[in-house]
Participant: 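Please find one structure pasted underneath; my questions will follow.
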Number of protein chains: 2
Amino acid sequence: MQLVELHKALANDTRMDIMRWMSDPEKNFRPHKDGKDFSDGVCVQVIQEKTGMSQSTVSHYLSILQRANLVITERVGKWTYYKRNDETIRAFLSELQLTL
Amino acid sequence: MQLVELHKALANDTRMDIMRWMSDPEKNFRPHKDGKDFSDGVCVQVIQEKTGMSQSTVSHYLSILQRANLVITERVGKWTYYKRNDETIRAFLSELQLTL
DNA sequence: ACCATAAATCGAGGAATGTCGATTTGAAGG
DNA sequence: CCTTCAAATCGACATTCCTCGATTTATGGT
């Protein structure tokens, strides 16, 4: 667990927003067009619309969150679903508690 | 409390090290030359030696930590002493707990 | 095969950060 | 006053980050 890498990943308003929104997707995102629920995560398009930023930027941000292991990815057909990786988040918080 | 600003301040190995070292100055820093203890904090020189970086860089880093309210400064004569601001750190951790 | 859609990657410009040495400011002591 | 030492600020350059539009890579449907 790279503490500093995690801080870098979270040192951006949009990425922080995304992490928070993903805590409660039903509340924070519009539904998927095919009606699929959020149990596997949220697809990039829906996240992108919410942020109001370009598709490439959001895709890039998601890859940064993924490199930091803050999110888990699952590809299903054309779609890629992203959801929080709660294990990393828990580990991050307790490491911070101990070492900061 | 600017969550993202705090993450930025901590998104650097040296700054993170400094914060951690300041948790236990007796253990992590050499004593002050005049024998003064660390109750008011650690002077810049001593921190600088420990990091091995230039004086200007360390002074700059300390100002970043201060802008984020992660440290408290006290000027005494020629020296400036820096110590952790535990209140901000506590608030940061609990805010992260709640909102991340 | 061909088209449409979702996501990732590429290339680029500007902004912010990292880092240094040099200079300036401020305080203490002779 | 003048010197000396600690710390802050300045100016510069290199690296990283932000953000976009354009292109490419999957995948599905007709």
Side-chain angles (χ1 to χ4, degrees), chain A residues 2 4-19 22 29-36 38 40-68 70-83, chain B residues 2 4-19 22 29-36 38 40-68 70-83:
Chain A
Q2 303 325 328
V4 168
E5 294 311 310
L6 289 171
H7 281 299
K8 284 186 192 169
L10 295 171
N12 173 280
D13 289 291
T14 304
R15 289 195 297 267
M16 193 77 204
D17 284 343
I18 292 172
M19 289 304 294
M22 287 196 301
F29 296 105
R30 70 146 171 86
H32 285 132
K33 278 173 179 151
D34 58 6
K36 185 174 188 316
F38 293 118
D40 293 330
V42 188
C43 76
V44 177
Q45 242 200 341
V46 168
I47 299 171
Q48 186 239 315
E49 285 174 24
K50 176 83 181 186
T51 64
M53 308 192 80
S54 74
Q55 187 267 322
S56 59
T57 298
V58 173
S59 179
H60 182 215
Y61 281 176
L62 289 169
S63 82
I64 289 171
L65 292 174
Q66 183 179 17
R67 195 159 358 103
L70 283 163
V71 296
I72 295 169
T73 273
E74 185 181 359
R75 179 110 200 194
V76 178
K78 303 195 272 189
W79 297 275
T80 309
Y81 297 104
Y82 285 86
K83 65 178 166 191
Chain B
Q2 312 327 328
V4 168
E5 295 309 310
L6 289 171
H7 281 300
K8 284 186 193 172
L10 296 171
N12 174 281
D13 289 291
T14 304
R15 289 195 297 267
M16 193 76 205
D17 284 343
I18 292 172
M19 289 304 295
M22 287 196 303
F29 297 104
R30 69 146 172 86
H32 285 132
K33 279 173 180 152
D34 58 7
K36 186 175 188 315
F38 293 118
D40 292 332
V42 187
C43 75
V44 177
Q45 244 201 339
V46 168
I47 299 171
Q48 187 239 315
E49 285 175 24
K50 176 83 179 184
T51 64
M53 308 192 79
S54 75
Q55 187 267 323
S56 59
T57 298
V58 173
S59 178
H60 182 214
Y61 282 176
L62 289 169
S63 82
I64 289 171
L65 292 174
Q66 182 178 19
R67 193 159 0 103
L70 284 163
V71 295
I72 296 170
T73 271
E74 186 181 357
R75 178 109 202 195
V76 179
K78 304 194 273 189
W79 296 275
T80 310
Y81 297 103
Y82 284 86
K83 65 179 167 191

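Naming convention: chains lettered A, B, ... in sequence-line order (proteins, then strands); numbering from 1 in each chain. Heavy atoms only: backbone and side chains are in, while hydrogens, waters and symmetry mates are out.
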Participant: For residues 42-49 of chain B, run the donor-acceptor check on the side chains, cut-off 3.5 Å, and write out each pair with its distance to 0.1 Å, sequence neighbours left out.
Facilitator:
| unit_1 | atom_1 | unit_2 | atom_2 | d |
| --- | --- | --- | --- | --- |
| B:Gln48 | NE2 | B:Met53 | O | 3.0 |
| B:Glu49 | OE1 | B:Arg30 | NE | 2.8 |
| B:Glu49 | OE2 | B:Arg30 | NH2 | 2.9 |

Participant: Counting only side-chain N and O atoms of A:Asn12, is one of them less than 4.0 Å from OP1 or OP2 of D:dC17?
Facilitator: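 Looking at the OP1 and OP2 atoms of D:dC17, neither is under 4.0 Å from any side-chain N or O of A:Asn12.
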Participant: Starting from C1' on C:dT17, measure out to NE2 on B:His7 and report it in whole angstrom.
Facilitator: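 Nearest whole value for this atom pair: 18 Å.
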Participant: For the side chain of A:Tyr61, starting at C-beta, report the closest nucleotide among D:dC18, D:dC17, D:dA6.
Facilitator: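 So the nucleotide nearest the side chain must be D:dC18.
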Participant: Please report, rounded to the nearest Å, how far the C1' atom of C:dA6 is from the NZ atom of A:Lys36.
Facilitator: 15 Å
Participant: Between A:Lys8 and B:Gln45, which has a closest nucleotide on DNA chain D that is more 5'?
Facilitator: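 Its nearest nucleotide lies further toward 5', so the answer is B:Gln45.
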Participant: To the nearest Å, how far apart are B:Leu62 CG and C:dT19 C1'?
Facilitator: 15 Å
Participant: Output all residues satisfying ring pair (Phe, Tyr, Trp, His ring centres under 6.0 Å) with B:His60, sequence neighbours left out; order by chain, then residue number.
Facilitator: none
Participant: Please report, rounded to the nearest Å, how far the C1' atom of D:dC18 is from the CG atom of A:Asp17.
Facilitator: 15 Å
Participant: Are more than 12 heavy atoms, taken from residues, nucleotides or ligands other than B:Glu74, located less than 6.0 Å from that residue's CD atom?
Facilitator: yes
Participant: Mind jotting down which residue pairs meet the salt bridge (Lys or Arg N to Asp or Glu O under 4.0 Å) criterion with at least one end in residues 50-62 of chain A? Sequence neighbours excluded, please.
Facilitator: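 Output for this query is empty, none listed.
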Participant: Which residues pass the side-chain hydrogen bond (donor to acceptor under 3.5 Å, both in side chains) test with A:Lys36, not counting sequence neighbours?
Facilitator: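 Once residues adjacent in sequence are excluded, the partners of A:Lys36 under the side-chain hydrogen bond (donor to acceptor under 3.5 Å, both in side chains) criterion are A:Asp40.
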Participant: Roughly, in whole Å, what's the span from NZ in A:Lys33 to P in D:dG28?
Facilitator: 18 Å
Participant: Both A:Ile64 and A:Trp79 contact DNA chain D. Which one's nearest nucleotide lies toward the 5' end?
Facilitator: A:Ile64
Participant: Quick one, give me the B/S/- string for nucleotides 20-27 of chain C, reading 5' to 3', where B means a protein heavy atom under 4.0 Å from the base and S means that only happens at the primed atoms, P, OP1 or OP2.
Facilitator: BBB---BS
Participant: Round to the nearest Å and state the distance from A:Asp34 atom CG to C:dT5 atom P.
Facilitator: 15 Å
Participant: Please report, rounded to the nearest Å, how far the P atom of D:dC17 is from the CG atom of A:Asp13.
Facilitator: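 Roughly 16 Å, once rounded to whole Å.
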Participant: Remember a base hit wins even if backbone is also touched, and classify B:Tyr82 as base, sugar-phosphate or nothing at under 4.0 Å, heavy atoms.
Facilitator: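 B:Tyr82: backbone/sugar contact only, no base atoms under 4.0 Å.
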Participant: B:Thr80 near the nucleic acid: base, sugar-phosphate alone, or nothing, with a heavy-atom cut-off under 4.0 Å?
Facilitator: sugar-phosphate
Participant: Would you kindly give the CD-to-C1' distance between B:Gln48 and C:dT19, to the nearest whole Å?
Facilitator: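 Distance, rounded to whole Å: 13 Å.
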Participant: A:Thr51: what forms a side-chain hydrogen bond (donor to acceptor under 3.5 Å, both in side chains) with it, not counting sequence neighbours?
Facilitator: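 With sequence neighbours excluded, A:Thr51 shows a side-chain hydrogen bond (donor to acceptor under 3.5 Å, both in side chains) to no residue whatsoever.
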Participant: So, for A:Leu70 and A:Met19, which heavy atoms are closest and what is the spacing to 0.1 Å?
Facilitator: O-CE, 3.5 Å
